[in-house]
Amino acid sequence: MTREQIAVTFGVLPWAAAVHLVVTLGLTLYVIPPDSGLLPRLWPILAGVIGLVGMGVGLAIRFDLIAPTYRLSYAFLIVEFAVVGILYSSLALVLYPSLDDSGDLILTAASASITGAGAVATAMLRIVGLTWVLSNLVILGVAFWLQPGPEFERILIGLIVYGAALIGGTIVVSGNLESRYRAELRAASERSVVQMLLEDFEGNAGDFVWETDQKGKFNRIPTRLASEAGLDSAELQGTAWQDLFMELGTLRIPGGIDALTELQQARHTKTAFVDVLVPVRVHGEIRWWQVSGRPRPGRAPDEFVWRGVGSDITEVKRQSDEIVRMGRVDALTGMPNRHSFWTELERLLRDPHTHDSRLGLAMLDLDNFKSVNDTLGHTVGDAVLREVADRLSGAGGMSQLFARLGGDEFAILFTDVGDSSRVRALLTRYIETLHEPITVAGTRLEIGCSIGYYLPDELPSSADEMMGAADLALFAAKESGRGAVREYRDSMKSVADRRARLLEDLGNTVAEKDLELELLPRIDVVSREIVAVEVLVVWHNVRLGAVTSAEFMSVADDTGLAYSLGTTVFKLACAAAAQLPDHVRVAVAVSTRQLESEAFIEAIGDSLRRSDARAGQFELQLDESSAITDQSRAALHAIAEMGVSLTVDEFGAGFSSLASLSGLPFTRVRIERSISGAAPGGRPILEALVDLVDALGMEVVASGVDSEEQLKAVAAAGVRTVQGRAAGEVMSVQAVALATAGRRG
């Protein structure tokens, strides 16, 4: 690094020597008196000789006439500037006593100026610069000190400050210059390393480096690029990149025109391009090159070249395409998934051609899939989903797009439909198709489905709006019964809004004072007396009015609030049971979520202990699917050990199997209306069911018995307890207590 600094200093030396000679001439003519003595008269000669020597050496080195060693050059510079500095300062020391005030001022100003200018010239080398400044100022300071008068003392102080500034400046400037030279050396070293790595990269890496002139012709074609293209690198030299890609068939491959257009646009605007995917055909196979490049200045001022890198990413592209495909397709069924279905629906809604045809959207949800999954396992459940997907695809047409949205929910998009009746007919066909039993692993399963659909008169503004409407229709179909098809109506939105407000109010807690208990009687078919009551709760909501327990408990069960509400309802039931005869059972409906909560089981025991009611007065009603998990089975046994009886509720409405109830502590089976004898042809089914239940040691309770004729029919089939209009409408606790008075056990 010091060698470069010495070279720069020698470059300045001739100019500094020339200035020195001019200053020497000026001092001789205007400052040194003619009669000042021998030393002043010799000073111009010495100064001139030293100046000429410095100029001659500097020019000789600059024009390579001499080549001194590093040490000799360094020593010469130190001696040269030290001698010149001593000459200038010694002149002041000799002349100050003989000069007048004007001469003193001129000499002092000249000395200060010369010292400052020399400090700038020698700042490249710290030692030379400090030698120059000190050789000037030390002797000059002695000259000031020896002169009488206070003005020289003040000048001496200024000289010290000035000298300190020059020394500090010299150190800072020389330090900055040294840092610059170090940075340049590091950059040169890094360029050397980069060049070495680049050469190794081109020889061994899978990527290639390319360069073209401003006309697009290749200046440099690495062997790697030619090898990837299956061509001779010598033949490609000077070939335009457009011709190369034309020869490789890029224009005839999908995506090729767009890639070349992007490259052409970048070259036209002289802007960099990054990771442009260019398809090429090599040996009959489509390959993908990823190319990046940017313009760089050429040799001439108005010239530029393009340099960049490229690589064959065919395998990465294939893997990426497969990942994208997997992201758009449901892995289990091979159908489009929710994201791709939503994207396609959005595309159709934005497509102006879609307005010429009518769109319809249906949501399909399997009815008994949860029971299959829970009882038979996910392997069987997956097989059922694949079979459902195959049946839907087989029954559909070209104008229908099927997708699995998740779980057991599917979507059907109709891209060219007529009126609502035609859509309903098609959807009914899907209902019938899925109603056919599915056999998996030797097990015959009846699944079925519910469907809601939306057929807008005018296209909605978004896919979310359309899917939301179809989802509301599906919810209505599931609420109305299994195997149903429902079309979206505006009233469904009000139902959904009511449910949303109900959810909001449930989240703000429900006060016990706002709950009113109602009892639905069950009677003995022989005595016609009340033997049990089913607890119904009405929530008097400030915004929504009267809300039945069936409505708000359904919402609570879906949102995790069933435990707290269920605990409150059972607490109210205990208070009601305490006012009724011991022989009147009190039935309370519970859900799976409540049953699986250990805290809920503890709350039942706590409520029984705090009230006057007996555990034997109570029965808990739950769907048969509630007994699926090990946790819920354990809960059933814990409840039975308390003395509370258990009833299977709505038997026949779901994935019914008496065999699944074996080993569980149920005492009653409440059958739904469709098989209670009220439906045509239901009598034989009812009689067979009663015999089976009796054989298991349980009792049948028939619901939906609304007339005297139905009452006699179920009695003839062996049913002892019924519920429905024939048994009586809902009653208050006080009314039931009054009706059963005198029979308190």
Side-chain angles (χ1 to χ4, degrees), residues 321-348 359-417 422-455 463 466-468 470-471 473-475 477-478 482-486 625 654-655:
D321 290 345
E322 179 62 16
I323 291 172
V324 170
R325 189 195 69 80
M326 292 175 62
R328 297 178 60 84
V329 175
D330 176 57
L332 180 63
T333 63
M335 285 182 166
N337 60 16
R338 176 182 288 272
H339 173 72
S340 60
F341 183 81
W342 183 91
T343 303
E344 176 63 14
L345 182 54
E346 277 283 336
R347 186 192 68 78
L348 288 173
L359 290 182
L361 176 62
M363 296 286 197
L364 182 151
D365 189 87
L366 302 182
D367 288 337
N368 298 317
F369 182 72
K370 184 178 186 301
S371 298
V372 172
N373 234 6
D374 292 339
T375 56
L376 301 177
H378 290 282
T379 301
V380 174
D382 290 348
V384 168
L385 290 174
R386 285 192 290 268
E387 176 63 21
V388 167
D390 291 342
R391 290 189 182 187
L392 288 175
S393 300
M398 295 296 294
S399 62
Q400 296 160 42
L401 173 66
F402 297 90
R404 181 187 175 212
L405 303 184
D408 61 339
E409 188 176 22
F410 295 80
I412 309 168
L413 178 62
F414 299 90
T415 56
D416 187 13
V417 298
R422 182 166 177 264
V423 174
R424 179 178 288 271
L426 289 170
L427 296 177
T428 303
R429 187 170 70 189
Y430 298 141
I431 294 282
E432 296 170 352
T433 299
L434 297 184
H435 185 68
E436 293 293 325
I438 298 174
T439 301
V440 179
T443 303
R444 188 172 183 270
L445 305 171
E446 293 185 3
I447 303 299
C449 66
S450 300
I451 300 178
Y453 69 98
Y454 179 42
L455 192 61
M466 199 164 182
M467 294 179 75
D471 207 36
L474 174 61
F475 180 78
K478 293 166 65 176
R482 301 174 189 273
V485 177
R486 292 290 180 271
S625 61
F655 189 63

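Quick caveat: nothing in here was measured; it's all calculated off a predicted structure.
In this structure, R404 contributes its side chain and G407 its backbone to a donor-acceptor pair below 3.5 Å. A donor-acceptor pair under 3.5 Å links the side-chain atoms of R424 to the main chain of V485, judged by distance alone. Checking side-chain atoms of Q400 against main-chain N and O of F414 turns up no donor-acceptor pair under 3.5 Å.
For D471, the side-chain hydrogen bond (donor to acceptor under 3.5 Å, both in side chains) test picks out no residue, with sequence neighbours left out.
Here the CZ-SG distance, from F410 to C449, works out to 10.0 Å after rounding to the nearest 0.5 Å. Interatomic distance, E409 CD to R338 CZ, rounded to the nearest 0.5 Å: 6.0 Å. Atoms CG and OG, on D367 and S450 in that order, are 3.5 Å from each other to the nearest 0.5 Å. Atom CE of M466 is separated from atom CD of E346 by 11.0 Å, given to the nearest 0.5 angstrom. Note that CD1 of I438 is 12.0 Å distant from OG1 of T443, once rounded to the nearest 0.5 Å. Between the CG atom of N337 and the CG atom of L332 there is a distance of 12.5 Å, given to the nearest 0.5 Å.
Minimum heavy-atom separation, A470 to L361: CB-O, 3.8 Å. Here the shortest heavy-atom pairing between L455 and G360 reads CD1-CA, 3.8 Å. The two residues M335 and S393 make their nearest non-hydrogen contact at CE-OG, 3.7 Å. Of all heavy-atom pairs spanning A403 and F341, the tightest one is CB-CD1, 3.4 Å.
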- List the steps and the verdict of side-chain contact (heavy atoms from CB on, under 4.5 Å) for L474 and I451. CA-CA 5 Å; L474 174 61; I451 300 178; 5.5 Å; no
- Starting from the C-alpha separation in whole Å, work towards a yes-or-no answer on side-chain contact (heavy atoms from CB on, under 4.5 Å) for L364 and L427. CA-CA 9 Å; L364 182 151; L427 296 177; over 6 Å; no
- Message: Before you tell me yes or no, could you show the steps for Y430 and I412 under side-chain contact (heavy atoms from CB on, under 4.5 Å), namely the whole-Å CA-CA distance, both residues' side-chain angles and the distance that decides it to 0.1 Å?
- Response: CA-CA 11 Å; Y430 298 141; I412 309 168; 3.6 Å; yes
What donor-acceptor contacts under 3.5 angstrom involve side-chain atoms of residues 382-390, with partners at least two apart or in another chain?
from, atom 1, to, atom 2, distance (Å)
E387, OE2, R391, NE, 2.9

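Using a 4.0 Å cut-off between charged nitrogen and carboxylate oxygen, E432 and R429 do not count as a salt-bridge pair.
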